[in-house]
Number of protein chains: 2
Amino acid sequence: MIINIARRAHDHNWELDPIVRSLLDTDFYKLLMLQFIWKHFPRTRATFAVQNRSVQVRLADIIDLHGLCDQLEHARQLRFHKSEMIWLAGNTFFGKRGMFEPAFLEWLEKDFRLSDYEVAVENGQVSLRFEGLWTETTMWEIYALAIIDELKTRAALKPLSEFELDVLYARAKTRLWEKMVRLRGVPGLSLSDFGTRRRHSFLWQEYVVLAMRDVLGESFTGSSNTYLAYKHDLEAMGTNAHELPMAVAALANTDEELKRAQYRLLELWQQTYAGELLILLPDTFGTTQFLRNAPEWVADWTGQRIDSKDPFVAGDEYIAWLEQRGRDPRRKRLIASDALDVDKILALHAHFAGRILDGTDPWDFRTAADFKDAQRWTPERRIRFSSGWGTFLTNDFRNCNPHGDKSFDPISLVCKLVEVDGRPAAKLSDNYAKSMGPAEEVERYRRVFGTEGQINVPVEA
Amino acid sequence: MIINIARRAHDHNWELDPIVRSLLDTDFYKLLMLQFIWKHFPRTRATFAVQNRSVQVRLADIIDLHGLCDQLEHARQLRFHKSEMIWLAGNTFFGKRGMFEPAFLEWLEKDFRLSDYEVAVENGQVSLRFEGLWTETTMWEIYALAIIDELKTRAALKPLSEFELDVLYARAKTRLWEKMVRLRGVPGLSLSDFGTRRRHSFLWQEYVVLAMRDVLGESFTGSSNTYLAYKHDLEAMGTNAHELPMAVAALANTDEELKRAQYRLLELWQQTYAGELLILLPDTFGTTQFLRNAPEWVADWTGQRIDSKDPFVAGDEYIAWLEQRGRDPRRKRLIASDALDVDKILALHAHFAGRILDGTDPWDFRTAADFKDAQRWTPERRIRFSSGWGTFLTNDFRNCNPHGDKSFDPISLVCKLVEVDGRPAAKLSDNYAKSMGPAEEVERYRRVFGTEGQINVPVEA
């Protein structure tokens with residue numbers, strides 16, 4: 001066998017194995033939000049900060065800060081490729097052509113920049129902040145999370161021998177396959193990859209996504225990762241995130257404006273997007289108050305994404321609300337996206353995607369066969385349910401490490417909006433443990449929005 | 001990334017992906033026996049035939065006969081490389097230099113040839129026969145088995161997608177690792193690879209052997225595969241096989257000569273080899289009669305390999321026989337090599353390699369921790385026990401196939417001596433199901449040797 005000597009020599013010359021290699025390697029909702037911000041808030045400044053909610057994992061002891069800066073610098077020097085721009089302009093997203101305006105795409109190609117960053121160490125954690133125009137900072141979220149996740153992965157890979165590395169991935173692949181097999185053939189199942197922010201690595205996410213497509217066929221509806229959608233002809237998934245209502249709320253001058261901010265954001269969003277992009281994310285300041293106080297037109301939106309609330313409770317609450325407002329839930333979409341794994345995906349699917357609620361425990365649905373055996377499955381669905389599968393899809397290496405330690409276990413890493421035009425941003429969510437912002441702001445928000453329906457449970461990765 | 005275009009073009013040009021690529025890719029005992037045959041039986045003719053004892057697997061429906069002939073032809077055109085010859089001459093085997101005579105090595109390099117072969121189909125099975133001088137036919141055994149095994153594997157691989165192939169090997173690697181982990185750290189454990197004849201493929205055997213070396217360290221004593229020993233600086237393991245006593249027996253002119261043949265073979269063997277190569281294989285015509293009638297000097301041999309008898313029974317029988325003959329079992333070696341897997345390896349090690357036999361069930365020893373917790377472990381070993389691990393080391397793909405069928409399950413394929421200088425060869429073994437030869441010969445052998453201690457149990461792969 002003739003060795004490729006040039007390749008080998010090039011490998012010796014490597015200065016960096018970049019983690020983020022394309023600006024498309026981000027969640028699609030960031031691009032939708034970027035266009036929205038570019039349009040409605042082009043002069044607004046916004047600060048984002050990375051926070052590791054898994055405080056027991058001392059990231060600063062694990063990750064080399066020079067390596068982190070090299071990766072961030074590499075991401076900052078990336079530009080959109082011509083072919084990527086042409087794809088963004090010409091591709092159909094959610095069945096719609098021309099999702100991005102020509103003026104936005106021109107700005108994206110010529111003027112888009114990532115802001116500067118500040119790296120420091122605090123209490124064993126990596127403190128990473130991005131300050132600048134909102135259009136310059138918002139995109140850092142996913143790049144920063146993916147970079148830190150993968151640097152943590154690389155640190156955990158380092159002590160393993162070549163054979164142990166092989167076993168690590170063999171185990172993870174075996175686990176992935178067992179999951180796919182349980183999901184394969186479940187009638188009406190709808191799943192997508194939401195795992196960019198928590199992925200083990202880019203290559204592993206790509207492997208997982210291609211496996212999903214191969215094994216699950218039509219049940220796999222796409223990936224939130226825009227680069228993978230571009231590279232592999234998948235649907236790009238995602239709509240919007242908490243940073244939007246958080247920013248509008250932070251900019252409010254009075255408590256009354258604050259209370260209206262969550263709907264004001266929706267008004268702005270529907271000036272830009274329609275159809276499948278009109279997905280409510282009602283938990284930013286508490287779902288129950290959001291639904292109760294919502295103007296009538298909010299019930300016309302296409303669906304809801306559940307994030308921080310128990311999805312069974314939140315979905316039932318949404319359906320009851322729709323019925324109360326005279327809307328047909330069967331025409332609506334419900335997306336769960338928090339801490340999902342196979343058991344919960346199947347149970348939620350059983351509960352929402354067509355089961356008659358006759359007291360059958362949705363957690364009894366554990367394999368495709370359980371759905372096929374079920375007599376009471378109704379052809380018309382109660383609601384168009386789909387799962388946005390994250391951490392446990394793209395980073396489930398629990399008990400896969402041949403060294404037996406937990407160094408590959410995912411951590412709950414977030415990159416959140418902390419300041420907008422000098423004012424603090426805050427979030428309540430439906431889970432006390434996920435509230436964010438300075439204590440006095442969280443206090444004020446709780447006073448303004450109330451705390452009905454919010455609970456206090458630990459955060460899963 | 002620059003593609004190696006020449007390599008890709010070469011791949012298009014491939015005519016054959018050879019299974020056996022070196023004449024060293026055989027069990028080491030074949031080379032020891034070849035030298036023995038070359039020395040003592042240079043003019044003897046011997047016919048070998050492949051037999052699939054797993055008759056439910058219709059090999060002729062699975063394997064393409066043209067492909068089989070291409071592979072056999074490729075093996076027949078191989079010659080020993082200079083570097084391989086130098087290694088055979090200069091390497092230490094079982095601590096001894098110069099295991100192979102210069103005259104033999106000269107013959108091996110210049111005059112060694114593999115015989116012609118006959119391929120046919122009979123009752124859905126591949127009939128493969130090798131006729132010629134014993135020195136030309138004996139080496140076919142391992143090449144033929146490895147070729148048929150791997151052709152069967154390739155046929156099973158064909159319907160799998162790239163992702164399914166990846167899952168197949170991920171599962172097999174995961175399984176292998178679980179086995180290694182159970183064996184790692186067991187005090188005094190001694191294991192070697194005996195899996196060439198039943199391997200999934202050459203590359204898988206190589207993977208397994210390197211994994212064993214990496215994970216088990218000193219407990220892994222070597223491989224029966226001479227090429228792997230050569231390539232990876234391992235000890236080459238193995239001594240002799242049934243074909244030797246079978247041939248000497250077939251050449252016997254009287255019942256009395258037949259009965260003495262099993263010891264006559266030993267006399268010849270010890271003219272050529274000594275020390276660790278003096279390993280009895282007493283089950284060819286029944287172990288119990290072999291031991292009872294053995295001349296006194298047989299008890300001076302270094303050890304025994306158990307093949308067709310329950311190894312607990314056979315080992316105890318050997319130890320009792322040694323004590324009865326006034327030999328110290330602690331100075332002897334006991335090798336088990338039939339249908340071993342982790343449970344049995346650990347139980348046998350617990351039973352033979354040092355446990356006081358106080359009624360503790362050896363099958364209770366299931367992990368390294370069980371051995372460390374045991375108080376009654378004695379520092380002086382009862383007997384130097386080691387396991388020659390075959391099929392379930394190099395071909396354990398049970399339940400690994402993503403398609404769910406059993407097409408990767410190993411089969412009990414053998415290539416046995418059937419005729420010597422025109423006379424039928426036969427074997428009784430300690431297991432009726434493993435007896436071989438024409439019915440009337442088996443009948444005669446049973447009359448001559450008796451059947452004491454022989455049983456009738458199904459053959460495991």
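In what follows, chains are A, B, ... by sequence order, proteins preceding strands, each numbered from 1.
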Legend entry - Toward chain B: residues of residues 208-216 of chain A with heavy atoms under 4.5 Å: Ala211(A), Asp214(A), Val215(A)
Inset, instruction - Check ring pair (Phe, Tyr, Trp, His ring centres under 6.0 Å) between Phe80(B) and all other residues, then give those that pass, not counting sequence neighbours. - result: none
Legend entry - Neighbour count above 12 (heavy atom, 6.0 Å) for Asp17(B) CG: yes
Inset, instruction - Anything in residues 220-228 of chain B with a heavy-atom distance to chain A below 4.5 Å? Please list those residues in order. - result: none
Legend entry - Per-residue contacts, residues 164-178 of chain A versus chain B, heavy atoms under 4.5 Å: Glu164(A), Asp166(A), Val167(A), Ala170(A), Arg171(A), Lys173(A), Thr174(A), Trp177(A), Glu178(A)
Legend entry - More than 12 heavy atoms from other groups under 6.0 Å of CG on Asn399(B): no
